[in-house]
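Here the structure comes first, spelled out in C-alpha cells, and everything after it is commentary.
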Amino acid sequence: LIGHSHIYLVGLFCYALRFVAYAAIRNPWWVLLTEFLQGLSFSSVWISLTMNFAEVVPPDLLPTMQALMQAIYWGLGSCCGFMSGGLLISFYGSAASFYA
C-alpha cells in the first residue's frame with residue numbers, strides 16, 4: 001500500500017525520535033514511554049528490509065540472505081554499536097553521545 005521504502009523511513013524516523021528523547025529525558029520513568037517506539041522502529045525497518053529482499057533476491061537464495069541480514073544486524077551491527085557507543089560515552093558523556 002505505502003511501499004517498503006516509506007515503511008523503512010518511518011522506522012528510521014522513530015529511531016531518531018527515540019534517541020533524541022533519550023538524550024532529553026531527565027526523569028528515568030519517561031524511558032518507559034519512549035520504549036514504545038522501539039517496537040515501531042525495529043519492526044518497520046526489519047519488515048521493510050525483508051520485503052525488499054523478497055523482491056530482489058532469487059527465491060532459492062532468500063533464506064541465505066535473511067540469515068546474512070540477521071548475522072550483520074545482530075552480530076556485526078551490535079558489536080560496532082557497542083564499541084562506538086562505549087567510546088562516545090567515555091569521551092563525551094551519556095547525554096552528548098545521543099546527540100552525536
Side-chain angles (χ1 to χ4, degrees):
L1 183 62
I2 62 173
H4 55 267
S5 60
H6 291 109
I7 294 172
Y8 187 72
L9 290 174
V10 167
L12 291 180
F13 176 75
C14 288
Y15 270 123
L17 184 64
R18 199 174 98 210
F19 294 142
V20 168
Y22 283 149
I25 287 175
R26 299 291 175 242
N27 184 347
W29 287 102
W30 285 100
V31 171
L32 296 175
L33 290 176
T34 60
E35 280 299 306
F36 285 111
L37 288 174
Q38 166 63 14
L40 183 60
S41 58
F42 177 77
S43 62
S44 297
V45 169
W46 203 259
I47 286 171
S48 67
L49 289 175
T50 304
M51 288 177 6
N52 191 22
F53 281 155
E55 287 181 6
V56 299
V57 174
D60 56 334
L61 292 178
L62 192 58
T64 303
M65 286 305 294
Q66 287 189 358
L68 185 61
M69 183 175 71
Q70 294 262 353
I72 290 171
Y73 184 87
W74 294 111
L76 182 64
S78 294
C79 179
C80 292
F82 293 146
M83 296 291 283
S84 61
L87 288 172
L88 281 172
I89 289 173
S90 67
F91 287 127
Y92 300 110
S94 298
S97 295
F98 279 106
Y99 285 117

Suppose we screen for side chain to side chain donor-acceptor pair (under 3.5 Å). Which residues come up paired with Gln66, at least two apart in sequence or across chains?
none

If every non-hydrogen atom of Val31 is compared with every non-hydrogen atom of Ile25, which pair is closest and at what distance?
N-CD1, 3.8 Å

All side chain to side chain donor-acceptor pair (under 3.5 Å) counterparts of Trp29, not counting sequence neighbours:
none

Just by distance, do the side chain of Ser44 and the backbone of Ser41 share a donor-acceptor pair under 3.5 Å?
no

What's the spacing between Tyr15 OH and Gln38 CD if we round to 0.5 Å?
5.0 Å

Around atom OH of Tyr73, are there more than 12 heavy atoms from other residues, nucleotides or ligands closer than 6.0 Å?
yes

In the hydrophobic clustering (ILVMFWY, side-chain contacts below 4.5 Å, transitive), which residues join Leu40, or is it alone?
none

To which residues is Leu76 joined in a hydrophobic cluster, defined by side-chain heavy-atom contacts under 4.5 Å among Ile, Leu, Val, Met, Phe, Trp and Tyr, whether direct or through other members?
none

Are Leu33 and Phe42 co-members of a hydrophobic cluster defined by side-chain heavy atoms under 4.5 Å apart?
yes

Under the side chain to side chain donor-acceptor pair (under 3.5 Å) rule, collect the residues that match up with Tyr8, sequence neighbours excluded.
none

Same cluster or not: Val20 versus Phe13, using hydrophobic residues (I, L, V, M, F, W, Y) connected whenever any side-chain heavy atoms lie under 4.5 Å apart?
no

Here the gap from Phe53 atom CZ to Thr64 atom OG1, rounded to the nearest 0.5 Å, amounts to 11.5 Å

In terms of hydrophobic clustering (I, L, V, M, F, W, Y; side-chain heavy atoms under 4.5 Å; direct or indirect links), are Phe19 and Val10 co-clustered?
no

Would a hydrophobic clustering, with Ile, Leu, Val, Met, Phe, Trp and Tyr connected at side-chain separations under 4.5 Å, put Leu9 with Leu49?
no

State the OG1-CZ distance between Thr34 and Arg18, to the nearest 0.5 angstrom.
7.0 Å

In Å and rounded to the nearest 0.5 Å, what is the CE to CG distance from Met83 to Leu88?
12.0 Å

Please tabulate, for the side chains in residues 55-63, all donor-acceptor contacts under 3.5 angstrom to protein atoms that are two or more places apart in sequence or on a different chain.
none

Ile72 side chain near Leu68 side chain, heavy-atom distance below 4.5 Å
yes

CG on Leu12 to CD1 on Ile7, rounded to 0.5 Å:
12.0 Å

With a 4.5 Å cut-off on side-chain heavy atoms, are Thr50 and Met69 touching?
yes

